[in-house]
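Worksheet: one structure, shown below.
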Amino acid sequence: MKVIDDIAGIRSYVSAIKARGETIGLVPTMGYLHDGHLNLMRMARKLSDHVVISIFVNPTQFGPNEDLDRYPRDFERDMMLASSVGVECIFHPRPEEIYPDGYATYISVEGLSNVLCGVSRPTHFRGVATVVAKLFNIVEPDIAVFGEKDYQQLVIIKRMVDDLNMKVKVVSHPIVREKDGLAMSSRNRYLSAQERKRATVLNRALKRAEQMFRQGERDVYRIKNILTDMIMQEHGCNIDYIEVVDANSLSRLQTIERRAVVALAVKIGKARLIDNIILDPT
Ligand code: AMP
């Protein structure tokens with residue numbers, strides 16, 4: 001497995017693969033890999049000849065009071081895990097390589113970026129869209145795999161790819177969970193043992209929403225109320241948002257008559273956790 005930290009290096013690596021007529025699958029990550037990430041890589045492996053991942057804690061997607069500096073990092077371990085699932089190359093640039101002095105260009109996917117997580121993280125998706133567009137330009141992948149865990153991010157990246165006529169095919173992977181239902185996340189590391197137990201309320205609440213939906217409930221207000229109560233009863237859990245939105249436009253729904261996403265963000269101790277579930281009445 002190759003580790004490349006500069007743009008010139010990855011470009012010549014990619015050219016050689018393309019010259020052989022092979023396809024490239026890209027999995028962008030911020031590292032501190034877990035089984036969720038590894039499943040995305042396995043999927044990329046199945047869908048392309050060559051898997052490249054990026055490990056880059058992207059400063060532009062963190063707000064001023066967020067966890068950029070303490071975001072967990074373990075590159076040695078990441079290398080081992082990535083190579084165990086057949087990744088051929090890790091692109092691991094330094095921030096100055098991606099954002100050199102004088103850097104001034106950003107991509108803003110309007111509308112979709114200022115709902116849900118965009119309310120409390122107003123510059124987050126501008127940073128995400130910018131770095132992903134740059135990675136697409138640098139690596140020129142045939143496919144790129146993103147997790148449904150970050151559902152809003154997935155919708156925004158798909159919109160950007162369509163709007164800017166990018167050639168890459170965006171593929172999504174379902175949420176990978178721990179045995180007790182907690183969605184895997186690098187940020188779960190911030191949780192104490194007690195908080196870790198409490199954090200299962202996110203998935204329990206989403207499952208409750210799914211159960212209500214299966215039993216015929218279509219009223220968003222009633223679903224949100226039950227979920228809010230469940231989470232508020234769990235000590236130390238602070239709700240950032242609970243929303244039920246259209247799965248494509250991310251606009252708020254009052255009644256679930258088309259494919260919808262129940263999305264939530266909850267702060268527990270030092271961690272802000274997100275999770276979601278798709279409800280499809282069709
Ligand atoms: P991150 O390193 O958090 O930026 O995540 C990199 C990619 O992995 C994104 O496409 C995420 O949506 C995806 N991902 C992270 N956690 C999970 C999970 N538990 N299940 C599925 N995909 C995930």
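Counting starts at 1 for both ligands and their atoms, in listed order. What you are looking at is a predicted structure, and each value in this text was computed from that prediction instead of being measured. Reckoned from all heavy atoms, side chains included, excluding hydrogens, waters and symmetry mates.
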For [X], is at least one N or O under 3.5 Å away from an N or O on ligand 1?
X: Lys149; value: no
X: Val176; value: yes
X: Gly147; value: yes
X: Ile175; value: no

Taking only distance into account, with no hydrogens and no angle test, what donor-acceptor pairs under 3.5 Å do side-chain atoms of residues 24-32 form with protein atoms, sequence neighbours excluded?
{"residue": "Thr29", "atom": "OG1", "partner": "Gly31", "partner atom": "N", "Å": "3.0"}
{"residue": "Thr29", "atom": "OG1", "partner": "Ser54", "partner atom": "O", "Å": "2.9"}
{"residue": "Tyr32", "atom": "OH", "partner": "Arg189", "partner atom": "NH1", "Å": "2.8"}

Any carboxylate oxygen within less than 4.0 angstrom of a Lys/Arg side-chain nitrogen, looking at Arg94 and Asp5? yes

Between Lys270 and Glu195, is there a side-chain N and carboxylate O pair less than 4.0 Å apart? no

Could you check [atom] against the protein and tell me its nearest heavy-atom contact, residue, atom and distance included?
atom: atom 13 (C) of ligand 1; value: Leu40 CD2, 3.6 Å
atom: atom 6 (C) of ligand 1; value: Pro28 O, 3.3 Å
atom: atom 12 (O) of ligand 1; value: Asp150 OD2, 2.6 Å
atom: atom 15 (C) of ligand 1; value: His34 CE1, 3.9 Å
atom: atom 21 (C) of ligand 1; value: Pro174 O, 3.5 Å

Would you say that more than 12 heavy atoms from the other residues, nucleotides or ligands in this model lie under 6.0 Å from the CD of Glu76, or not? no

Counting only heavy atoms not in Met1, do more than 12 fall under 6.0 Å of its CE? yes

To the closest 0.5 Å, what do you measure between CG (Leu279) and CE (Met212)? 10.5 Å

Backbone, side chain, both or neither: what part of Arg177 comes under 4.0 angstrom of ligand 1, heavy atoms only? neither

Counting from 1 in the order shown, the ligand 1 atoms closer than 4.0 Å to a non-hydrogen atom of Phe146 are 10 (O)

Note: ligand 1 atoms sitting under 4.0 Å from heavy atoms of Met184 are 16 (N), 17 (C), 18 (C), 19 (N)

Under 3.5 Å, is there a donor-acceptor pair linking the side chains of Arg42 and Asn39? yes

Test salt bridge (Lys or Arg N to Asp or Glu O under 4.0 Å), reference Glu66, set Arg121, Arg272, Arg187, output is Arg121

Just go through Met30, Glu148, Met41, His37 and tell me whose heavy atom is the nearest to atom 5 (O) of ligand 1. His37

Quick one: do Tyr151 and Met184 end up in the same hydrophobic cluster if we chain Ile, Leu, Val, Met, Phe, Trp and Tyr together by side-chain heavy atoms under 4.5 Å apart? no

